[in-house]
Amino acid sequence: QVQLVESGGGLVQAGGSLRLSCAASGRSFSGNGMGWFRQAPGREREFVAAISSTSTYTYYADFVKGRFTISRNNAKNTVYLQMNSLEPEDTAVYYCAAQRGAGASRGRNEYNYWGQGAQVTVSS
């Protein structure tokens with residue numbers, strides 16, 4: 001059974017940092033692009049960051065550029081999201097996802113495996 005399991009979420013004060021991890025099991029995703037999305041209460045799920053299979057390409061939503069960094073370790077079948085300078089507006093459930101192809105896509109429809117989500121709460 002293929003699973004993506006996020007960890008590392010929690011409560012942090014504004015200006016703080018968190019590192020999310022997404023561990024995949026059931027198959028290797030070393031040939032797939034991976035991404036992070038988030039969903040705040042009452043809002044649609046939105047793209048945060050994506051990374052290609054070999055880490056050659058990374059893309060970020062404008063609202064996280066310079067603050068968040070996506071990375072991956074294919075040997076561990078794991079993708080990470082380092083989040084710095086967190087703001088209350090970053091409060092959301094963060095989802096890890098695996099893409100059908102090897103690139104780095106912003107489109108939700110390009111992803112066919114999703115984790116259960118990790119809550120990130122940033123207090124002011």
Side-chain angles (χ1 to χ4, degrees):
Q1 181 181 0
V2 176
Q3 281 190 311
L4 300 178
V5 179
E6 300 95 338
S7 61
L11 173 64
V12 64
Q13 288 188 332
S17 299
L18 284 174
R19 188 195 195 202
L20 299 181
S21 298
C22 172
S25 61
R27 55 158 283 188
S28 171
F29 286 98
S30 61
N32 300 83
M34 301 292 291
W36 288 95
F37 292 76
R38 72 185 187 184
Q39 188 167 16
R43 301 187 65 175
E44 291 193 356
R45 194 172 299 188
E46 61 182 355
F47 169 77
V48 175
I51 187 168
S52 61
S53 61
T54 58
S55 303
T56 301
Y57 301 103
T58 57
Y59 292 108
Y60 297 92
D62 287 343
F63 55 77
V64 302
K65 282 183 180 177
R67 300 189 297 128
F68 292 9
T69 303
I70 188 171
S71 61
R72 65 190 297 165
N73 184 329
N74 286 341
K76 294 184 178 180
N77 218 19
T78 301
V79 64
Y80 307 96
L81 185 68
Q82 177 67 44
M83 304 185 292
N84 298 329
S85 301
L86 283 162
E87 304 167 351
E89 293 74 21
D90 295 317
T91 295
V93 177
Y94 284 72
Y95 296 91
C96 168
Q99 193 179 332
R100 292 182 180 86
S105 175
R106 295 181 171 94
R108 284 177 55 185
N109 291 337
E110 297 297 318
Y111 294 83
N112 58 340
Y113 290 105
W114 293 84
Q116 84 289 350
Q119 177 69 48
V120 171
T121 303
V122 184
S123 63
S124 57

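It should be emphasised that the depicted structure is a prediction, and the values quoted were computed from it without experimental measurement.
Between atom CG of residue Leu86 and atom CD of residue Gln13 there is a gap of 11.5 Å, rounded to the nearest 0.5 Å. Atom-to-atom distance recorded for Ile70:CD1 and Arg72:CZ is 8.0 Å, nearest 0.5 angstrom. Summarising the geometry, atom CD belonging to Gln82 is positioned 9.0 Å from atom CG belonging to Leu20; distances are rounded to the nearest 0.5 Å.
Looking at heavy atoms from C-beta onward, Asp90 lies in side-chain contact with Phe68 at the 4.5 angstrom threshold. No side-chain heavy atom of Val48 sits less than 4.5 Å from a side-chain heavy atom of Met83. Side-chain contact between Leu4 and Phe29 is present, with at least one heavy-atom pair separated by less than 4.5 Å.
Distance alone, capped at 3.5 Å, is enough to place a donor-acceptor pair between the Thr91 side chain and the Val122 backbone. With Glu6 contributing its side chain and Gln116 its backbone, the two residues share a donor-acceptor pair below 3.5 Å. Put simply, the side chain of Asn74 never gets that close to the backbone of Thr54: no donor and acceptor are under 3.5 Å apart. Although no hydrogens or angles enter the test, the distance criterion places a donor-acceptor pair under 3.5 Å between the side chain of Asn77 and the main chain of Ala24. In this structure, the side chain of Ser30 does not engage the main chain of Ser28 through any donor-acceptor pair within 3.5 Å. At distances below 3.5 Å, not a single donor-acceptor pair connects side-chain atoms of Tyr111 with backbone N or O atoms of Trp36. With hydrogens and angles ignored, the 3.5 Å screen pairs no side-chain donor or acceptor of Arg43 with any backbone N or O of Arg38.
If you chain together hydrophobic residues whose side chains sit under 4.5 Å apart, Phe37 and Tyr94 never meet in one group. Put simply, Tyr95 and Phe63 are part of two different groups of oily side chains (I, L, V, M, F, W, Y) that touch within less than 4.5 Å, one to the next. Hydrophobic clustering (side-chain heavy atoms under 4.5 Å, transitive across Ile, Leu, Val, Met, Phe, Trp, Tyr) keeps Tyr59 apart from Val64. Both Phe47 and Val93 belong to a common hydrophobic cluster when Ile, Leu, Val, Met, Phe, Trp and Tyr are linked at side-chain heavy-atom distances under 4.5 angstrom.
Within the structure, disulfide bond (SG atoms under 2.5 Å apart) pairs that include any residue of residues 82-124 comprise Cys22-Cys96 (at least two apart or interchain).
Across every non-hydrogen atom of Ser21 and Thr78, the tightest pair is CB-CG2, 4.5 Å. When all heavy atoms of Ser53 and Gly31 are compared, the pair lying nearest together is CB-C, 3.5 Å. The shortest heavy-atom contact between Pro88 and Ser124 is CG-CB, 3.8 Å.
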Show which side-chain atoms of residues 97-108 pair as donor or acceptor with protein atoms under 3.5 Å away, not counting sequence neighbours.
residue: Gln99; atom: OE1; partner: Ser105; partner atom: N; Å: 3.2
residue: Arg100; atom: NH1; partner: Asn109; partner atom: O; Å: 2.4
residue: Ser105; atom: OG; partner: Gly107; partner atom: N; Å: 3.1

